Amino acid sequence: MDFSFPKKERLTSKKRFQQLFEEGKQLTAFPLRMYYLPIQSNDEPKFKIAVVAPKRHFKSAVKRNRIKRLLRESYRHNKHRIFNNTKGQYALVILYLGKEMPTFDLVERKMHALFKKFLKTISDERPI
RNA sequence: GGAGCAGGCCACCUUAUCGCCUUGGAGACAAUGUUUGCAAGGAGGAAAGUCCGGACACCAUAGUGCGGCAUAGCGGGUAACGCCCGUCCACCGAAAGGUGAGGACAAGUGCAACAGAAAGGAUGUACAGUACGGCUGUAGUGAAAUCAGGUAAACUCUAUGUGGUGAAACGCCAUGUAAACCGGUAUUUAAGGGUGGCACGCCCGUGCUGGAGGGUAGGCGGAUAGAGGUUUUGGGCAACCAAAAUCCUAGAUAAAUGAUAGGGCUCGACAGAAUCCGGCUUACGGCCUGUUUUAUAA
């Protein structure tokens with residue numbers, strides 16, 4: 001299984017970010033929230049993703065870094081779950097809504113739940 | 001040992017697995033990019049606050065004068081400083097030691113509780129002296145009573161310094177339509193306008209000519225080898241300076257340096273580079289050295 005997380009799979013365009021928050025749909029598995037939006041691009045990978053820890057809740061840069069690392073790590077371990085079961089390309093943002101520092105275990109469990117929801121919603125949206 | 005004072009050092013370690021960023025050289029695709037595996041490197045003492053000082057870049061809204069602002073014993077260090085070192089003085093402390101808006105009241109203006117006749121255009125009372133002039137001395141209140149009085153973290157004056165903006169600066173490339181955009185040159189300074197608080201000045205015009213511009217948060221440069229670190233020698237009380245040898249030590253851009261599992265110990269605080277340096281300030285765990293004082297209680 002591919003556990004890598006190269007730069008190409010990251011969401012880096014500011015334009016995309018704006019678009020995602022304005023037009024994207026959201027799913028929540030507290031304390032995680034996902035924004036997603038289908039995209040069309042030939043030379044880009046299946047998913048482009050970014051993680052966010054708001055400054056509002058965590059003033060310390062060290063804590064924000066820690067949360068983002070946990071989220072990235074969790075995504076990296078679990079991305080095969082959505083890679084292998086979807087068609088089309090998506091841009092994703094995963095937001096941490098909580099106000100307390102999470103443990104890795106909690107983030108893992110919530111990430112599973114979030115992906116499950118995501119897969120279900122995607123297949124419902126796609127009448128074949 | 002207790003209570004202080006000064007200075008220095010460290011910033012959990014380690015193994016495995018899975019990952020991230022940069023650089024180097026190798027292979028493949030193929031044209032300077034993608035990809036595969038390899039090697040090396042990968043946050044701080046404060047990276048923080050953005051409070052001072054510079055480097056660098058751009059802008060006549062950049063110049064000149066006034067104003068404003070900053071600094072303030074004396075001497076030295078430095079690229080520079082409001083920083084650092086030495087030293088005098090004042091204050092705090094039993095001491096080690098610490099603190100410091102420490103220039104000028106002999107330019108002008110203002111202010112001064114209580115006490116006191118009177119507090120800044122002085123001169124009342126008593127006594128004594130007398131050149132008989134509120135002229136001299138003493139007493140009395142007060143921190144201070146005519147003395148070149150005190151006070152400038154009072155206005156003020158003196159000396160020195162000071163343009164503004166800030167890497168989202170700035171330069172280049174790509175995409176792409178016309179005038180507006182920029183440079184050169186000729187000519188005119190009339191009205192009006194712009195301009196960091198004011199004045200002067202400066203800029204804005206038109207013709208010709210050459211180049212290509214606006215908008216875009218695409219890419220590259222700026223951008224990491226530097227007022228650099230370490231050691232030795234020499235100079236200096238010191239801050240620091242000079243010479244030689246040696247080392248290369250993050251460079252991201254929605255932003256890398258991590259996650260999990262095991263082991264160990266003294267059980268890990270504050271905290272994450274963003275153009276780069278020198279300081280200051282604030283947050284904070286631990287260890288060591290020197291030194292002052294106290295005590296013989298365990």
Side-chain angles (χ1 to χ4, degrees):
Chain A
M1 253 183 279
D2 179 20
F3 288 124
S4 72
F5 183 37
K7 206 169 193 172
K8 280 197 306 184
E9 290 182 24
R10 292 187 207 162
L11 188 57
T12 54
S13 156
K14 288 189 175 183
K15 233 180 214 168
R16 277 274 160 71
F17 255 86
Q18 285 232 315
Q19 214 181 2
L20 197 54
F21 283 118
E22 283 164 13
E23 303 168 24
K25 296 173 184 172
Q26 50 170 288
L27 292 169
T28 306
F30 192 85
L32 301 181
R33 172 172 289 172
M34 173 196 273
Y35 287 83
Y36 69 95
L37 188 70
I39 53 173
Q40 292 262 316
S41 176
N42 286 332
D43 28 296
E44 291 194 278
K46 232 173 155 178
F47 286 92
K48 284 185 83 81
I49 183 170
V51 297
V52 173
K55 209 170 187 174
R56 208 148 34 94
H57 295 326
F58 298 95
K59 223 181 155 194
S60 154
V62 172
K63 288 181 181 171
R64 286 199 305 276
N65 264 350
R66 163 85 181 166
I67 290 167
K68 283 155 79 176
R69 282 166 180 162
L70 287 176
L71 292 179
R72 265 199 297 269
E73 194 67 9
S74 179
Y75 171 79
R76 188 171 71 77
H77 281 127
N78 295 295
K79 68 177 195 174
H80 62 272
R81 293 169 190 270
I82 55 174
F83 251 67
N84 299 335
N85 299 315
T86 53
K87 291 171 183 172
Q89 294 175 305
Y90 289 91
L92 306 179
V93 168
I94 296 177
L95 199 71
Y96 185 75
L97 297 175
K99 293 178 182 173
E100 307 290 319
M101 286 302 289
T103 60
F104 184 71
D105 189 55
L106 176 84
V107 174
E108 279 277 281
R109 279 189 286 114
K110 294 300 179 180
M111 193 65 81
H112 284 192
L114 194 63
F115 280 178
K116 221 168 158 184
K117 254 187 181 176
F118 176 65
L119 289 172
K120 186 167 184 301
T121 318
I122 294 294
S123 56
D124 288 350
E125 271 177 4
R126 193 183 286 272
I128 305 172

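Note that the structure is predicted; figures quoted are calculated from it, not measured. Each chain gets a letter, A, B and so on, in the order the sequences are listed, and its residues count up from 1.
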Just how far, in rounded Å, is P of C18(B) from CD of Glu108(A)? 17 Å
Is there a donor N/O on one and an acceptor N/O on the other, under 3.5 Å, for the side chain of Arg72(A) and the base of C20(B)? no
Could you please name the partner base of G214(B), counting Watson-Crick and G-U wobble pairs only when both distances are under 3.5 Å? none
For G166(B) versus G184(B), give the span between their C1' atoms, rounded off to a whole number of Å. 32 Å
Nearest-Å distance once atom C1' is located in both A152(B) and A107(B): 14 Å
Indicate, with yes or no, if Leu106(A) and Leu114(A) share a hydrophobic cluster defined by side-chain heavy-atom contacts under 4.5 Å among Ile, Leu, Val, Met, Phe, Trp and Tyr. no
Between C56(B) and A167(B), how far apart are the C1' atoms? Round to whole Å, please. 10 Å
Provide, to the nearest angstrom, the distance between the CG atom belonging to Asn65(A) and the P atom belonging to G258(B). 10 Å
P atom, C147(B) versus U136(B): distance in rounded Å? 8 Å
State the pairing partner of U209(B); accept Watson-Crick or G-U wobble contacts with both distances under 3.5 Å, and report none otherwise. G183(B)
Taken in chain and number order and not counting sequence neighbours, the residues that satisfy side-chain hydrogen bond (donor to acceptor under 3.5 Å, both in side chains) with Arg69(A) are none
Quick one: label Arg64(A) by what it contacts on the DNA or RNA (base, sugar-phosphate, nothing), any heavy atom closer than 4.0 Å. nothing
Is a donor-acceptor pair below 3.5 Å formed from side chain Arg69(A) to base G272(B), judging by atom type as modelled? yes
Of the nucleotides G258(B), U260(B), G272(B), which one has an atom closest to the side chain of Val62(A)? G272(B)
Looking at G142(B), which nucleotide sits across from it as a Watson-Crick or G-U wobble partner, both distances under 3.5 angstrom, or is there none? none
Write down the partner of G129(B) under the Watson-Crick or G-U wobble criteria, each distance required to be under 3.5 Å. C135(B)
Between CZ of Phe104(A) and C1' of A261(B) the distance, given in whole Å, is 12 Å
In whole Å, what separates the P atom of A148(B) from that of U138(B)? 16 Å
Syn or anti for U177(B) (syn when the glycosidic angle lies within 90° of 0): anti
Verify the cluster assignment for Met101(A) and Val51(A): are they in a single hydrophobic cluster under the rule of side-chain heavy atoms below 4.5 Å apart? yes
Within this structure, what is the OH-to-P distance between Tyr35(A) and A254(B), rounded to whole angstrom? 20 Å
Watson-Crick or G-U wobble mate for U64(B), both contacts under 3.5 Å: A199(B)
Output the rounded distance in Å from NZ (Lys59(A)) to P (A271(B)). 10 Å
Syn/anti state for G124(B) [syn: chi within 90° of 0]: anti
Complementary nucleotide of U289(B), counting Watson-Crick and G-U pairs under 3.5 Å: A6(B)
Answer yes or no: is there a side-chain heavy-atom contact under 4.5 Å between Ile94(A) and Met111(A)? yes
Go through Tyr96(A) and Leu32(A) one step at a time and tell me if the side chain to side chain contact (heavy atoms under 4.5 Å, CB included) criterion holds. CA-CA 5 Å; Tyr96(A) 185 75; Leu32(A) 301 181; 3.9 Å; yes
Syn within 90° of 0, anti beyond: A217(B) is syn
The answer to which of Ala50(A) and Lys63(A) contacts RNA chain B further toward the 5' end, by nearest nucleotide, is Ala50(A)
Aromatic ring pairing Phe104(A)/His77(A), orientation class (parallel under 30°, perpendicular over 60°, tilted between): perpendicular
Both Ala61(A) and Val51(A) contact RNA chain B. Taking the nearest nucleotide for each, which residue is further toward the 5' end? Val51(A)
Under 4.0 Å, counting only non-hydrogen atoms across every strand here, what does Ser74(A) touch: a base, just sugar-phosphate, or nothing? nothing
Among A43(B), A254(B), A259(B), the one nearest Leu70(A) by side-chain distance: A259(B)
Starting at atom NZ of Lys79(A), determine the distance to atom P of C18(B), rounded to an integer number of angstrom. 15 Å
Given atom NZ of Lys68(A) and atom P of C20(B), what is their separation to the nearest angstrom? 18 Å
So, for Val107(A) and Pro102(A), which heavy atoms are closest and what is the spacing to 0.1 Å? CG2-CB, 3.8 Å
Assigned chi class of A191(B) under the 90° convention is anti
Could you check G171(B) for me: syn (within 90° of 0) or anti? anti
Using Watson-Crick or G-U wobble geometry with both distances under 3.5 Å, which nucleotide pairs with U296(B)? none
For residues 95-117 of chain A, which residue pairs pass the salt bridge (charged side-chain N to carboxylate O under 4.0 Å, His left out) check, not counting sequence neighbours? Asp105(A)-Arg109(A)
Go ahead and name the base partner of G192(B); Watson-Crick or wobble counts if both distances stay under 3.5 Å, otherwise write none. C204(B)
If I pick the P atom on C155(B) and the same atom on G68(B), what distance separates them, to the nearest angstrom? 13 Å
Between NE2 of His77(A) and C1' of A259(B) the distance, given in whole Å, is 7 Å
Could you work out the separation of U281(B) and G149(B) based on their C1' atoms and round it to a whole Å? 42 Å
Mind checking the P distance from G285(B) to C52(B)? Whole angstroms is fine. 30 Å
